[in-house]
Asker: 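Please see the structure below; I have some questions.
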Amino acid sequence: QVQLVESGGGLVQAGGSLGLSCAASGSIFRINAMGWYRQAPGKQRELVAFIDSGTSTNYGDFVKGRFTISRDNAKNTVYLQMNSLKPEDTAVYYCYCNAKYKSLSPFNDYWGQGTQVTVSS
């Protein structure tokens, strides 16, 4: 199976920057898409950013050019650089990937444990 381990969350002041990373490990045959979702207290989980197996990306509407997602396929790692952070960006950020662990297995969704990002005003 596939395990995802996130790092890089923390506390930052409004207007500051944070970088998140997420490494996939375990029995990995192929990773399709990777991305980040977030969930604030009392709200539904929402897409932050998404990158396919190539370089095609998609962002949540609220990002508005502030965040950049990238990945290193050789390291099975996805990154999220967040700039111009706002207090409303405060949430638990979850790493996601769609992967298969052997050639004949189906693609499944995997999630990290989440990392807290807190933006103070």
Side-chain angles (χ1 to χ4, degrees):
Q1 299 296 318
V2 178
Q3 295 83 43
L4 298 173
V5 178
E6 301 125 332
S7 60
L11 174 65
V12 65
Q13 288 188 334
S17 299
L18 273 179
L20 305 181
S21 64
C22 172
S25 63
S27 300
I28 300 172
F29 178 78
R30 181 172 297 160
I31 297 177
N32 186 11
M34 301 187 81
W36 294 91
Y37 285 73
R38 72 183 189 183
Q39 188 166 19
K43 295 187 177 181
Q44 290 188 332
R45 189 172 294 191
E46 61 181 349
L47 171 70
V48 178
F50 175 96
I51 183 167
D52 69 8
S53 57
T55 58
S56 180
T57 60
N58 189 32
Y59 294 92
D61 290 341
F62 60 87
V63 171
K64 298 186 186 301
R66 300 180 297 129
F67 299 175
T68 302
I69 189 170
S70 61
R71 66 189 280 178
D72 184 334
N73 291 329
K75 297 180 179 180
N76 291 330
T77 299
V78 64
Y79 305 94
L80 183 69
Q81 179 61 39
M82 303 184 291
N83 300 324
S84 301
L85 284 161
K86 305 174 182 179
E88 51 263 44
D89 293 318
T90 296
V92 177
Y93 284 68
Y94 295 93
C95 177
Y96 154 88
C97 82
N98 181 255
K100 58 166 55 179
Y101 64 92
K102 57 183 181 181
S103 62
L104 296 181
S105 69
F107 280 98
N108 287 313
D109 293 337
Y110 297 91
W111 294 90
Q113 79 284 0
T115 185
Q116 178 70 45
V117 171
T118 302
V119 184
S120 62
S121 57

Asker: Any heavy-atom pair between the side chains of Tyr79 and Asp72 that's under 4.5 Å?
Answerer: yes
Asker: For a quick test of reading the model, state the closest non-hydrogen atom pair linking Ile69 to Gly35 and the distance between them.
Answerer: CD1-CA, 3.9 Å
Asker: Within 45 degrees of the axis of the six-membered ring of Phe107 and under 6.0 Å from its centre: does Lys100 put its NZ or CZ there?
Answerer: yes
Asker: Are Met82 and Val48 close enough that some pair of their side-chain heavy atoms sits under 4.5 Å apart?
Answerer: no
Asker: Ignoring hydrogens and angles, tell me if any N or O in the side chain of Thr90 forms a donor-acceptor pair with the backbone of Val119 under 3.5 Å.
Answerer: yes
Asker: Can Ile28 be reached from Val78 by stepping across I, L, V, M, F, W or Y side chains whose heavy atoms are under 4.5 Å apart?
Answerer: yes
Asker: Between Met34 and Cys97, which heavy-atom pair has the shortest distance, and what is it?
Answerer: CG-CB, 4.0 Å
Asker: Going from OH on Tyr59 to CG on Leu80, what distance comes out if it is rounded to the nearest 0.5 angstrom?
Answerer: 7.5 Å
Asker: Take Val117 and Leu20, measure what side chain to side chain contact (heavy atoms under 4.5 Å, CB included) needs, and give me the verdict at the end.
Answerer: CA-CA 9 Å; Val117 171; Leu20 305 181; 4.2 Å; yes
Asker: Do Cys22 and Cys95 have their SG atoms under 2.5 angstrom apart?
Answerer: yes
Asker: Measure the shortest side-chain to side-chain distance between Lys102 and Ser27 over non-hydrogen atoms and say whether it is less than 4.5 angstrom.
Answerer: no
Asker: Distance from Ser53 atom OG to Arg30 atom CZ, nearest 0.5 Å?
Answerer: 8.5 Å
Asker: So, for Tyr94 and Gln113, which heavy atoms are closest and what is the spacing to 0.1 Å?
Answerer: CE2-O, 3.6 Å
Asker: Starting at CG of Asn58, measure out to CG of Asp52 and round the result to the nearest 0.5 Å.
Answerer: 10.0 Å
Asker: A side-chain contact here means heavy atoms from C-beta on lying under 4.5 Å apart; do Phe67 and Leu85 qualify?
Answerer: yes
Asker: Compare every heavy atom of Ser121 with every heavy atom of Pro87, then report the nearest pair and how far apart it is.
Answerer: CG-CB, 3.8 Å
Asker: Considering all heavy atoms of both residues, which atom of Ile31 and which atom of Ala24 are nearest to each other, and what is their separation?
Answerer: CD1-CB, 3.9 Å
Asker: Could you tell me if Arg45 sits above the aromatic ring of Tyr96, with its cationic atom closer than 6.0 Å to the ring centre and no more than 45 degrees from the axis?
Answerer: no
Asker: Indicate the atoms forming the closest heavy-atom contact of Ser21 with Thr77, along with that distance.
Answerer: CB-CG2, 4.5 Å
Asker: Nearest 0.5 Å, what's the CG-OG1 distance between Leu18 and Thr115?
Answerer: 9.0 Å
Asker: With a 4.5 Å heavy-atom cut-off, do Glu46 and Arg38 have their side chains touching?
Answerer: yes
Asker: Look at the side-chain heavy atoms of Ile, Leu, Val, Met, Phe, Trp and Tyr, link any pair under 4.5 Å apart, and say whether Phe29 and Tyr110 land in one connected group.
Answerer: no
Asker: At what distance, to the nearest 0.5 angstrom, does CD of Glu6 lie from CH2 of Trp36?
Answerer: 5.0 Å
Asker: Would you confirm whether Arg71, through its side chain, and Thr55, through its main-chain N or O, come within 3.5 Å as a donor-acceptor pair?
Answerer: no
